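Below is one structure, written out as structure tokens; the observations come after it.
In this text, all values refer to a predicted model and were calculated from it rather than measured experimentally.
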Amino acid sequence: MTLTVTTDLSVNTGLSRVEEKLEDKQKALRDSIEKGEPKVFGVSQIVIGLLIISYSIPLLSTEITMILNFGVPWWSGLMFVISGTAAIAVEKMATMKTVSVCLAVSVVAIIISVIALILYYVDIASNPATKCHIGSDQLCDQQYYATRFSTGVKITISVVNIVQTALSSAFTAILYNQRRNFTDYVTLGERHPE
């Protein structure tokens, strides 16, 4: 804070040059984060998370496999919803603390997404579609259609999961660059909270 006394003995207070520079950098951080549009990334992640959860519901009517035993669609979808919520929070409160938390959550979402992808493809390889056994009505048996349906749903969910991985990776890269550019301008209150 700068204190100035004029010739008529009036006292004026104002921001010091360092405080002005810090305020400018904090505004630049907010502007650069808003330019990255975290709300768009957040809403996209929430929608994809809910999409994965809803697409996995039909799997409950098929044979129970490793994917359902581990609950992969539900914990991966929930993590994407949490990651999207954190991204929306960054737009509302653009501080170094919220950027760091969102960055950490996004990294965890990427890791979970990759793990989920591996589990989907292992499950698809472990439970291939059965061969068609034509019955007296000239149609394949029910097991053939059930395994084809299950495999199709798992492939669809894994493709949506790949989109989520790419989205989270792009958002994480943007957040990391913003955080790295503004690390030197953290306020004392953010470094040492009371």
Side-chain angles (χ1 to χ4, degrees), residues 33 36-91 98-180:
I33 286 176
E37 309 237 1
K39 186 184 280 185
V40 172
F41 281 104
V43 170
S44 300
Q45 288 178 323
I46 290 171
V47 168
I48 288 174
L50 294 175
L51 206 70
I52 288 173
I53 292 170
S54 65
Y55 278 12
S56 66
I57 292 172
L59 289 175
L60 296 172
S61 66
T62 63
E63 184 180 334
I64 303 296
T65 62
M66 175 182 64
I67 291 296
L68 293 178
N69 284 335
F70 292 152
V72 174
W74 296 282
W75 53 256
S76 64
L78 182 63
M79 186 63 216
F80 302 150
V81 170
I82 291 169
S83 180
T85 305
I88 291 172
V90 164
E91 182 158 333
T98 56
V99 170
S100 296
V101 167
C102 187
L103 183 62
V105 170
S106 293
V107 168
V108 170
I110 292 169
I111 293 168
I112 285 179
S113 184
V114 170
I115 291 170
L117 278 172
I118 292 168
L119 290 175
Y120 278 117
Y121 290 118
V122 166
D123 188 73
I124 290 169
S126 300
N127 302 300
T130 60
K131 298 215 184 274
C132 177
H133 299 288
I134 297 177
S136 59
D137 56 358
Q138 299 299 317
L139 295 174
C140 296
D141 61 338
Q142 185 178 359
Q143 184 66 25
Y144 169 76
Y145 293 114
T147 56
R148 297 281 295 191
F149 174 75
S150 177
T151 302
V153 169
K154 290 173 192 172
I155 289 172
T156 302
I157 293 173
S158 68
V159 168
V160 173
N161 209 328
I162 290 171
V163 171
Q164 169 61 28
T165 305
L167 186 68
S168 287
S169 297
F171 185 59
T172 300
I174 290 169
L175 280 179
Y176 178 75
N177 286 332
Q178 297 306 322
R179 185 176 175 270
R180 189 183 59 181

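Trp75 contributes a side-chain N or O that, together with a main-chain N or O of Phe70, makes up a donor-acceptor pair within less than 3.5 Å. Counting only distance, with no hydrogens or angles, the side chain of Thr151 and the backbone of Arg148 share no donor-acceptor pair below 3.5 Å. A distance-only check finds no donor-acceptor pair linking the side chain of Ser150 to the backbone of Ala146 [under 3.5 Å]. The main-chain N or O of Met79 is never found under 3.5 Å from a side-chain atom of Ser83 such that the two would form a donor-acceptor pair. Within the 3.5 Å criterion, the main-chain N or O of Asp123 finds no donor-acceptor partner in the side chain of Ser126.
A heavy-atom distance below 4.5 Å is not found between the side chains of Ile82 and Val108. Between Leu117 and Tyr121, some side-chain heavy-atom pair lies under the 4.5 Å cut-off.
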Open item on the list: Would Ser56 and Ile157 count as a side-chain contact (heavy atoms from CB on, under 4.5 Å) here? Give the steps.
Closed with: CA-CA 7 Å; Ser56 66; Ile157 293 173; 3.9 Å; yes

TODO: Give the intermediate values and the outcome of side-chain contact (heavy atoms from CB on, under 4.5 Å) for residues Asn127 and Thr147.
DONE: CA-CA 8 Å; Asn127 302 300; Thr147 56; over 6 Å; no

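Between the CD1 atom of Ile124 and the CE atom of Met66 there is a distance of 9.5 Å, given to the nearest 0.5 Å. Here OH of Tyr120 is found 5.5 Å from CD1 of Ile67. Values are rounded to the nearest 0.5 Å. To the nearest 0.5 angstrom, Leu103 atom CG is 6.5 Å from Ser106 atom OG. Here the CD1 atom belonging to Ile52 is positioned 11.5 Å from the OG1 atom belonging to Thr156, to the nearest 0.5 angstrom. We find the CG-OG1 distance between Leu175 and Thr98 to be 9.0 Å, quoted to the nearest 0.5 Å. Note: Ile115 CD1 to Ile110 CD1 = 12.0 Å, rounded to the nearest 0.5 Å.
Nearest approach of Glu63 to Leu68, heavy atoms of both residues: O-CD1, 4.3 Å. Scanning all heavy atoms of the two residues, the minimum distance from Val90 to Cys102 falls at CG2-CB, 3.3 Å. The heavy-atom pair separating Ile53 from Pro73 by the smallest distance is CG1-O, 3.8 Å. Contact between Asn161 and Ala116 at its shortest, heavy atoms only, is ND2-CB, 3.4 Å. Shown here for Phe80 and Gly49, the closest heavy-atom pair between the two residues is CB-CA, 3.8 Å. For the pair Tyr55 and Val153, the tightest heavy-atom approach, listed with the atom from each and the gap, is O-CG1, 3.4 Å.
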